[in-house]
Amino acid sequence: MWQLRAEDVRTLALGAALLGGGGGGSTRAAALVAERALRLAGPLTVIDAAELGADAYAAPLGLVGSVTVFEEKPLSGAEVGRAVAALERYSGVRLHAVLGFEAAGVNALLAVAAAATLGLPLVDADGMGRALPQLDQTVFTLNGLAVSPMVAADDKGALAVLDGVDGLLAEQLARSAVVTMGGWAVVVMAPQRGDDLARYAIPRTIHRALRVGEVLSQQDYGAVLSSHGGRALFRGRVVDVERGPRGRFGGGSAILQHLDDADRMLRVEFQNENLLVLENGEVRACVPDIICLLEADRCLPVTSEDVRYGLEVDVLVLPCAAAWRTPAGLGLVGPRAFGYDVPYSIPRGEP
């Protein structure tokens, strides 16, 4: 158990942005929301899943939809409370805590804001350990836990309750509801028992984002690699960016030229998140590992939306959660799940 303070939010936002692996959205607006919530409520209690208690319940939650629209039309402040109240009424379960279904990007910060607003502890765990584009791409789905009943709430007072659906159908229906709701909604997934979260949720992900943010704020990405088992791939300048449809989401590719060797070229493929890195046709890294771009001079995370011609970046890779390196995990979030017919292998030197 530990305390998260309003003064920690900007550092958390920095680490959460990096762990988004190019996705997860800009953390600017969400950081302001989380910081304000903590200033109003005071320090937030953060607990490990094992501290929740076997028979206690916590619900995963977060934003679904366009982060760009969210920044233009932010939270009214009542969405989380309405969604949680509806979930408790419908399920008959009282929540003892909440957690993010994705502790990276915007959703790491919205989980903080939600817990502070509700006056509940935040579980230091999540369902992805990085950013991923779909609600069914969680360890909850991977391990056969229910994702419904699920409640979506918008900023205008509307609620949508989805029940009796599996992970993929819940993703599809929630995505349709969010479009009708105006582009984004707060989604609260089915309550999860404490013993299931202790067994299956990816642990210590809020703590990890905070620690990553601390070393990034010191402009020391080497410390990120040494403390989190990552590796540096490339330092280069973006010389071409192509954007267009990729799967169900927008995406594209970026070509980088090495700063010290003009003959070396790297291609980064992205679909919201960075998913594949190739050099001379050879796969250097791929999803589910976390492929990160950092501005070379300022050591700031770069989202796929912000990749532009002339930008100088460091490309680094952080290992994904162990659950995603299993055959079932790779089937859900490996390269072939995104349409890339390449194998995944654990990088040399990693466990």
Side-chain angles (χ1 to χ4, degrees), residues 19-21 23-24 49 52 57-65 83 87 90-91 93 95 97-108 110-111 123-152 160-178 185-205 247-249 271-273 275 286-290 320-340 344:
L19 295 175
L52 181 60
Y57 284 88
L61 53 77
L63 179 81
V64 174
L87 181 67
Y90 189 85
S91 67
V93 170
L95 296 184
V98 295
L99 68 156
F101 57 69
E102 173 185 66
V106 165
N107 279 329
L110 287 187
V123 180
D124 192 0
D126 79 312
M128 297 180 178
R130 48 159 300 149
L132 290 164
Q134 297 185 187
L135 286 175
D136 58 312
Q137 292 173 320
T138 68
V139 291
F140 313 125
T141 300
L142 180 66
N143 290 287
L145 303 181
V147 296
S148 67
M150 176 186 296
V151 178
V161 179
L162 306 176
D163 199 3
V165 291
D166 63 10
L168 181 57
L169 185 54
E171 153 68 23
Q172 294 168 337
L173 291 175
R175 197 73 56 176
S176 298
V178 164
V186 171
V187 170
V188 185
M189 302 170 81
Q192 305 294 331
R193 285 174 52 93
D195 53 356
D196 284 332
L197 289 175
R199 185 179 301 119
Y200 298 124
I202 299 170
R204 304 282 283 166
T205 47
R248 295 183 58 210
F249 302 94
Q271 296 175 29
N272 286 356
E273 290 74 29
L275 300 178
C286 66
V287 67
D289 288 336
I290 310 169
C320 63
W324 295 135
R325 289 178 169 179
T326 65
L330 291 171
L332 192 59
V333 302
R336 290 189 173 93
F338 295 93
Y340 301 109
Y344 173 83

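Predicted model only: the values in this text are computed from it and were never measured. Residue numbers count from 1 along this sequence.
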Minimum-distance pair of heavy atoms, taken over all atoms of Ala174 and Leu135: CB-CD1, 3.9 Å
Minimum heavy-atom distance Ile290-Leu19, with the two atoms named: CG2-O, 3.7 Å
Any residue meeting side chain to side chain contact (heavy atoms under 4.5 Å, CB included) with Ala323, in chain and number order, not counting sequence neighbours: Val139, Leu142
Counterpart residues, side chain to side chain donor-acceptor pair (under 3.5 Å), relative to Asp195 (two or more places apart): Arg193
Pair Asp289 + Arg325: basic N to acidic O under 4.0 Å: yes
Salt bridge (charged side-chain N to carboxylate O under 4.0 Å, His left out) against Asp166, all qualifying residues, sequence neighbours excluded: none
Minimal non-hydrogen separation, Ala125 against Pro203, with atom names: CB-CA, 4.2 Å
Least distance between heavy atoms, Pro149 atom then Asp163 atom: N-OD1, 3.6 Å
All side chain to side chain contact (heavy atoms under 4.5 Å, CB included) counterparts of Val178, not counting sequence neighbours: Val64, Ala185
Non-hydrogen atoms of Leu99 and Ala111 that approach each other most closely: C-CB, 4.3 Å
Between CD on residue Gln172 and CG on residue Leu162, distance to nearest 0.5 Å: 11.5 Å
Separation between CG of Leu95 and CG of Leu52, rounded to the nearest 0.5 Å: 10.0 Å
Gap between atom CD of Glu102 and atom CG of Leu132 - 0.5 Å precision: 7.0 Å
Check: Asp124 side chain, Thr205 main-chain N or O, donor-acceptor pair, under 3.5 Å: yes
Spatial distance of atom CG (Asp126) from atom CG (Leu197) [nearest 0.5 Å]: 10.5 Å
Contacts of type side chain to side chain contact (heavy atoms under 4.5 Å, CB included), residue Ala170, not counting sequence neighbours: Val147, Met150, Val165
Side-chain (Arg130) to main-chain (Cys320) donor-acceptor, under 3.5 angstrom: no
Heavy-atom pair of closest approach, residues Ala190 and Ala146: CB-O, 3.6 Å
Leu145 CG to Gln192 CD distance, which is reported to the nearest 0.5 Å: 5.0 Å
For residues 328-336, dump all side-chain donor-acceptor pairs below 3.5 Å to protein atoms at least two apart in sequence or in another chain.
unit_1 : atom_1 : unit_2 : atom_2 : d
Arg336 : NE     : Asp341 : OD1    : 3.0
Arg336 : NH2    : Asp341 : OD1    : 3.4

Reference residue Val151; test side-chain contact (heavy atoms from CB on, under 4.5 Å); the match among Val187, Val161, Val186: Val161
Thr138 side, atom OG1; Met189 side, atom CE - distance, nearest 0.5 Å: 5.0 Å
Test side chain to side chain contact (heavy atoms under 4.5 Å, CB included) applied to Pro133 - qualifying residues, sequence neighbours left out: Gln137, Phe249, Asn272, Glu273, Phe338
